[in-house]
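Just below is one structure, and these are the notes that go with it.
Order of listing sets the numbers, starting from 1, for every ligand and every atom in it.
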Amino acid sequence: MFNFDLIPNNYQNMEHIVIIGNGISGVTVARHIRKLSDKRITIISAETEYFFSRTALMYVYMGHMRFEHTQPYENWFWKKNQIELKKGYVKSVETKNKRLHFTEGDSLKYDKLIIATGSKPNKFGWPGQDLEGVLGMYHKHDLENLEKFAPNNKICKRAVIVGGGLIGIELAEMLKSRNIPVTFLVREDSFWNGVLPEGESEMINQHIKNHHIDLRLSHNLKEIIPDENGRVKSIIIEETGEEIECSVVGLTAGVTPNIDFIKNSEIETAKGVKVNRYLETNIIDVYAIGDCAEQHEHIDQRRPIEAVWYTGRMMGETLAQTICGSKTQYKPGHWFNSAKFLDIEYQTYGWVFGKKGRPEYEKHFHWKHYKENICITVAFHKDTNLFLGINTFGIRMRHNIFDKWLTEKRDVDYVVSYLKDANFDPEFYSAYESDIITQYNAEFNTKLTAYKKSWKRIFSKT
Ligand SMILES: Cc1cc2nc3c(=O)[nH]c(=O)nc-3n(C[C@H](O)[C@H](O)[C@H](O)COP(=O)(O)OP(=O)(O)OC[C@H]3O[C@@H](n4cnc5c(N)ncnc54)[C@H](O)[C@@H]3O)c2cc1C
């Protein structure tokens with residue numbers, strides 16, 4: 001794979017950076033190390049030869065793109081940039097001798113090791129969880145399994161999805177695109193209400209049902225029953241004992257760091273690989289980034305493990321600086337995220353908590369369109385009125401504006417008054433503007449009017 005004609009004579013003597021994992025974090029750190037140095041770089045993956053965008057897997061099944069289109073770089077890119085690719089599964093890490101061992105029997109020496117092995121779908125020891133037709137929705141082979149067991153609604157008469165989160169709803173959308181009936185078991189009493197505030201979660205419940213998905217809230221999986229060939233035949237629901245016949249069971253009850261192979265090494269682990277703010281582990285010259293890294297301490301209100309795309313990329317960029325001699329702390333900035341609930345776009349900036357984790361000082365202003373699935377929730381401090389964050393559904397907002405307002409510590413009145421500035425499509429937004437302001441004034445006894453600054457004024461200040 002690697003073309004040794006391209007490399008300098010002393011290449012084999014260069015410091016060897018070995019990265020386990022060719023996901024967004026692994027390839028980002030490799031690309032940035034290459035930009036900054038001529039170190040020898042090897043990326044290892046057991047999954048695929050080349051990097052692909054995991055977030056686009058659903059569109060392959062839905063027929064919007066081919067798998068090759070999920071690969072952001074041409075296949076020649078790696079060779080041209082002198083990044084060696086190795087396909088293989090690392091079964092153990094020997095930190096004393098700085099050596100990796102592969103299930104295939106070979107081994108590889110490193111000078112610096114970066115663990116970027118991502119996540120794996122959770123399994124909670126359900127009887128039947130390893131049967132044929134039971135799958136996660138994470139790796140490329142999950143997509144291949146889905147094609148095999150759920151190519152159409154003749155072969156797959158029904159699918160059951162277990163676990164209501166962002167990947168679960170994506171899997172439901174995928175199956176519905178092929179007219180496969182879906183039963184969706186969700187442990188919580190309202191969809192994703194560990195994260196979403198009440199009004200939003202209720203809107204999503206209704207939206208899922210409107211798409212003819214058989215949503216079962218407060219329902220848990222008890223067991224998966226096989227047929228005579230060891231394939232999924234049905235599932236049993238814990239609470240009711242009901243048996244539902246199905247050909248596929250999708251396990252989407254969250255993910256866990258994919259780090260079993262280092263559990264017997266000297267590298268400190270908890271749920272993930274423990275790292276400090278420099279993404280260093282307890283072992284010198286060993287680092288961890290992306291979904292598999294667990295911060296010793298929370299950064300602001302962020303979770304110690306963040307399984308999202310952009311934080312993996314940020315960690316990769318940050319660590320490349322440190323590896324190349326400029327020691328740099330990981331500073332993710334203000335939290336943001338975006339996703340889709342079937343056809344409703346969701347964005348979040350700053351912190352807006354669901355009922356469960358909400359701090360006592362966090363107050364909400366919630367507005368919902370009287371008939372469409374469009375709503376916003378603005379979170380603010382009940383004593384100081386400090387703007388804490390916003391969730392939007394069906395309205396696309398500008399990341400840079402909210403990032404600026406959070407940094408400037410604006411108050412909620414300011415944010416509501418200037419909301420139009422943050423809107424991606426102000427013309428579209430103007431249809432809701434007066435309604436939002438009127439409701440806000442009525443609820444909080446204010447007399448705000450809607451303002452709009454010119455873009456020039458907004459950015460000339462920064
Ligand atoms: C269906 C889906 C949709 C998603 N949508 C979004 C979204 O819209 N927005 C968002 O922010 N995030 C989304 N995510 C999450 C996001 O994709 C992940 O946070 C991100 O891909 C993690 O990147 P990573 O580089 O840390 O790890 P990964 O992408 O998991 O890459 C790790 C690689 O390491 C390999 N590996 C693991 N162990 C070994 C070993 N021992 N030896 C060799 N190779 C090994 C794995 O096989 C894998 O190829 C989604 C995830 C999924 C599954």
Side-chain angles (χ1 to χ4, degrees), residues 18-31 42-62 70 72 85-93 100-104 106 108 113-122 135-143 146 161 163 165-174 250-252 254-265 267 272-273 275 279 287-294 303 305-317 319 332 335-341 345-348:
V18 173
I19 302 160
I20 316 178
N22 69 349
I24 183 65
S25 26
V27 302
T28 304
V29 70
R31 284 195 309 109
T42 302
I43 308 181
I44 300 162
S45 176
E47 188 180 9
T48 50
E49 202 163 352
Y50 300 109
F51 167 54
F52 71 95
S53 170
R54 207 169 286 297
T55 57
L57 279 181
M58 69 182 293
Y59 301 109
V60 177
Y61 182 83
M62 289 167 73
T70 66
L85 304 180
K86 175 167 170 60
K87 188 131 191 279
Y89 185 82
V90 178
K91 69 166 188 206
S92 62
V93 182
L100 304 179
H101 296 276
F102 294 88
T103 43
E104 295 78 8
D106 52 339
L108 183 70
L113 175 68
I114 302 172
I115 302 164
T117 50
S119 302
K120 57 178 182 171
N122 282 331
L135 43 92
M137 188 54 232
Y138 191 91
H139 291 106
K140 182 170 181 251
H141 67 79
D142 294 323
L143 185 71
L146 198 63
I161 299 175
L166 296 178
I167 296 181
I169 191 115
E170 278 194 4
L171 182 55
E173 185 178 356
M174 290 162 75
L251 301 179
T252 58
V255 294
T256 320
N258 195 359
I259 56 161
D260 292 344
F261 72 104
I262 50 170
K263 289 280 183 191
N264 292 328
S265 76
I267 302 164
V273 182
V275 292
L279 306 162
Y287 308 82
I289 55 175
D291 278 23
C292 71
E294 177 174 355
R303 296 199 175 113
I305 300 175
E306 284 184 337
V308 284
W309 183 265
Y310 75 89
T311 54
R313 201 184 52 222
M314 279 179 174
M315 287 188 218
E317 287 165 5
L319 182 58
W335 168 250
F336 68 93
N337 201 7
S338 64
K340 252 178 69 215
F341 293 92
E345 277 189 47
Y346 154 70
Q347 293 180 322
T348 185

Smallest heavy-atom separation, Lys120 atom then Pro257 atom, equals CE-O, 4.1 Å

How are the rings of Tyr310 and Trp335 set to each other: parallel, tilted or perpendicular (split at 30° and 60°)?
tilted

Under 4.0 Å between heavy atoms, the region of Met58 that gets near ligand 1 turns out to be neither

For atom 29 (O) of ligand 1, what is the closest protein heavy atom, and at what distance to 0.1 Å?
Arg54 NE, 2.9 Å

What protein heavy atom sits nearest atom 41 (N) of ligand 1, and how far away is it?
Val90 O, 3.0 Å

Protein contact to atom 34 (O) of ligand 1 [nearest heavy atom, distance to 0.1 Å]:
Gly21 CA, 3.2 Å

Does an N or O from Tyr310, backbone or side chain, lie closer than 3.5 Å to an N or O of ligand 1?
no

Polar side-chain atom of Glu47 near backbone of His139 as donor-acceptor pair, under 3.5 Å:
no

Below a 4.0 angstrom heavy-atom separation, can you tell me which part of Tyr138, side chain or backbone, both or neither, approaches ligand 1?
both

I need the minimum non-hydrogen distance between Lys340 and Ile169, along with the two atoms involved.
O-CG2, 3.9 Å

Quick one, Ile115 and Val93 - any side-chain contact, counting heavy atoms below 4.5 Å?
no

Within 4.0 Å of some non-hydrogen atom of Gly23, the atoms of ligand 1 are 25 (O), 29 (O), 31 (O)

Name the atoms and distances for all side-chain donor-acceptor pairs under 3.5 Å in residues 22-31, with sequence neighbours left out.
| unit_1 | atom_1 | unit_2 | atom_2 | d |
| --- | --- | --- | --- | --- |
| Asn22 | OD1 | Ser45 | OG | 3.1 |
| Asn22 | ND2 | Thr48 | O | 3.1 |
| Thr28 | OG1 | Ile24 | O | 2.5 |
| Arg31 | NE | Tyr73 | OH | 2.9 |

Heavy-atom contact check, 4.0 Å cutoff: does Ile24 meet ligand 1?
yes

Which of the ligand 1 atoms, numbered from 1, are nearer than 4.0 Å to a heavy atom of Met137
1 (C), 53 (C)

Where's the contact between Ala116 and ligand 1, heavy-atom distance under 4.0 Å: side chain, backbone, both or neither?
backbone

Which atom pair, heavy atoms only, marks the closest approach of Ile289 to Gly316?
CD1-CA, 4.0 Å

Side chain to side chain donor-acceptor pair (under 3.5 Å) involving Glu345 - partner list, sequence neighbours excluded
Arg396

Begin from the C-alpha positions of Leu171 and Leu146 and carry the test side-chain contact (heavy atoms from CB on, under 4.5 Å) through to its verdict.
CA-CA 10 Å; Leu171 182 55; Leu146 198 63; 3.8 Å; yes

If you have a sec, work out which protein heavy atom is nearest atom 13 (C) of ligand 1 and how many Å separate them, to one decimal?
Thr55 CG2, 3.5 Å

Salt-bridge criterion met for Asp291 and Arg54 (N-O under 4.0 Å):
no

Would one find more than 12 heavy atoms of other residues, nucleotides or ligands at under 6.0 Å from atom CG of Asn264?
no

Report the part of Thr48 (side chain from C-beta onward, or backbone N, CA, C, O) that has a heavy atom under 4.0 Å from ligand 1; answer both or neither where that applies.
neither

Go through ligand 1 atom by atom and flag the ones less than 4.0 Å from a non-hydrogen atom of Trp309.
10 (C), 11 (O), 12 (N), 17 (O), 19 (O), 21 (O)

Got the closest protein heavy atom to atom 27 (O) of ligand 1, with its distance?
Gly118 CA, 3.1 Å

Should you measure from each heavy atom of Val308, which atoms of ligand 1 turn up under 4.0 Å away?
11 (O), 12 (N), 19 (O)

Atom indices of ligand 1 within 4.0 angstrom of Gly290 heavy atoms, with elements
26 (O)

When distances are taken from atom 44 (N) of ligand 1, the protein heavy atom at minimum range is Ala46 N, 3.2 Å

For atom 49 (O) of ligand 1, what is the closest protein heavy atom, and at what distance to 0.1 Å?
Glu47 OE1, 2.5 Å

In terms of atom number and element, which parts of ligand 1 are under 4.0 angstrom from non-hydrogen atoms of Asn22?
33 (C), 49 (O)

State, yes or no, whether a side-chain contact exists between Val275 and Tyr287 at a heavy-atom distance under 4.5 Å.
no

Please check: side-chain N/O of Tyr346 versus main-chain N/O of Phe341, any donor-acceptor pairing under 3.5 Å?
no

Is it the case that ligand 1 has an N or O less than 3.5 angstrom from some N or O of Phe261?
no

When you measure from the side chain of Thr117 to the backbone N and O of Asn258, does any donor-acceptor pair fall under 3.5 Å?
yes

Sub-4.0 Å heavy-atom approach of Gly88 to ligand 1
yes

I want to confirm something. Looking only at heavy atoms, which of Thr117, Ile115, Thr103 is nearest to atom 45 (C) of ligand 1?
Thr117

Atom indices of ligand 1, in the order listed, that fall short of 4.0 Å to a heavy atom of Ser25
24 (P), 25 (O), 26 (O)

Residue and atom name of the nearest protein heavy atom (relative to atom 52 (C) of ligand 1), distance in Å to one decimal
Ile167 CD1, 3.7 Å

Work out which heavy atom in Phe52 is nearest to a heavy atom in Pro72; give both atom names and the distance.
CA-CD, 4.3 Å

State the atoms of ligand 1, each with its element, that fall below the 4.0 Å cut-off from a heavy-atom position in Ser119.
30 (O)

Among Ile167, Thr252, Leu251, find the one that has a side chain to side chain contact (heavy atoms under 4.5 Å, CB included) with Ile161.
Thr252

Could you check whether any heavy atom of Ser45 sits closer than 4.0 Å to an atom of ligand 1, since that is the contact criterion I want to use?
yes

Looking at ligand 1, is there an atom of it that comes within less than 4.0 Å of some heavy atom belonging to Ala339?
no

